[in-house]
Undergrad: 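Here it is: the structure, laid out below.
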Amino acid sequence: MALNAYLNKKVSVLTLDGRTMVGTLFSCDGSMNLVLADAYERIIRPADEGVPSEEVPLGLYIVRGDSVAVCGRVDEDIDGKIDWTKVHGEVLGRRKFRDMNHERKMVGQKRSRGRRKLDMTRE
């Protein structure tokens, strides 16, 4: 598994619901379930809110594989120079996936009426 190279290294995990967790990758499996040690969530707020962004400590944290969008290594030298309370940004759009179970069943089967598309809607 490609993430084994990141074991015991600092990683950033972006989830499908737009959350960002940072921590030391303690363990992972083939389903992309991740265990982060010394984890914290980075909450980046829009500048117009007037509230500083923050890092909320989580401790030992498990991220389910089906909620992981991206997992990448953190450059600790660069990361340590950033004052995350002064970083601002817009909220990432969230997507809701429907009919996923049906799509999983259809994989590998011949479809007589053409391809079915997932219904993706913004919340």
Undergrad: Between L16 and A69, which heavy-atom pair has the shortest distance, and what is it?
TA: CD2-CB, 3.8 Å
Undergrad: Check whether any side-chain heavy atom of M32 sits under 4.5 Å from a side-chain heavy atom of L3, and report yes or no.
TA: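 M32 reaches L3 side chain to side chain.
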Undergrad: State, yes or no, whether a side-chain contact exists between L58 and M21 at a heavy-atom distance under 4.5 Å.
TA: yes
Undergrad: With the side chain counted from C-beta on, respond yes when V22 and R42 share a heavy-atom pair under 4.5 Å apart, and no when they do not.
TA: yes
Undergrad: Check whether any side-chain N or O of N33 sits under 3.5 Å from a backbone N or O of C28 as a donor-acceptor pair, and report yes or no.
TA: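 Flag not set: sc N33 to bb C28 has no pair under 3.5 Å.
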Undergrad: Quick one: does S53's side chain have a donor or acceptor within less than 3.5 Å of a partner on R45's backbone?
TA: yes
Undergrad: How long is the gap from NZ on K81 to CD1 on I78, to the nearest 0.5 Å?
TA: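 Output value for this atom pair is 7.5 Å.
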Undergrad: Nearest 0.5 Å please: distance from the OG1 atom of T20 over to the CD1 atom of I43.
TA: 9.5 Å
Undergrad: I want to check something: taking the side chain as every heavy atom from C-beta on, are V70 and T15 in contact at a cut-off of under 4.5 Å?
TA: no
Undergrad: To the nearest 0.5 Å, what is the distance between OG (S67) and CZ (R19)?
TA: 8.5 Å
Undergrad: Are more than 12 heavy atoms, taken from residues, nucleotides or ligands other than I62, located less than 6.0 Å from that residue's CD1 atom?
TA: no
Undergrad: Would you indicate whether the side-chain heavy atoms of L36 and T24 approach each other to under 4.5 Å?
TA: no
Undergrad: Find the distance between CD (E41) and CD1 (I44) and round it off to the nearest 0.5 Å.
TA: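 If I round to the nearest 0.5 Å, the distance is 10.0 Å.
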Undergrad: Quick check for you: to the nearest 0.5 Å, what is the distance between C71 atom SG and L14 atom CG?
TA: 10.5 Å
Undergrad: Are side-chain heavy atoms of P46 and H88 found at a separation under 4.5 Å?
TA: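 P46 does not reach H88 side chain to side chain.
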Undergrad: For F26, look at atom CZ and say whether over 12 heavy atoms of other residues, nucleotides or ligands are found less than 6.0 Å away.
TA: no
Undergrad: Hey, is CG on D79 packed in by over 12 heavy atoms from elsewhere, all under 6.0 Å?
TA: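 Counting other residues, nucleotides and ligands, CG of D79 exceeds 12 neighbours.
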Undergrad: Grouping I, L, V, M, F, W and Y whenever their side-chain heavy atoms are under 4.5 Å apart, do Y40 and W84 come out in a common cluster?
TA: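 No; W84 is not reachable from Y40 via cluster members.
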Undergrad: Are V63 and Y61 side-chain neighbours, meaning at least one heavy-atom pair lies under 4.5 Å?
TA: yes
Undergrad: A side-chain contact here means heavy atoms from C-beta on lying under 4.5 Å apart; do L25 and N8 qualify?
TA: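 No. Closest side-chain heavy atoms not under 4.5 Å.
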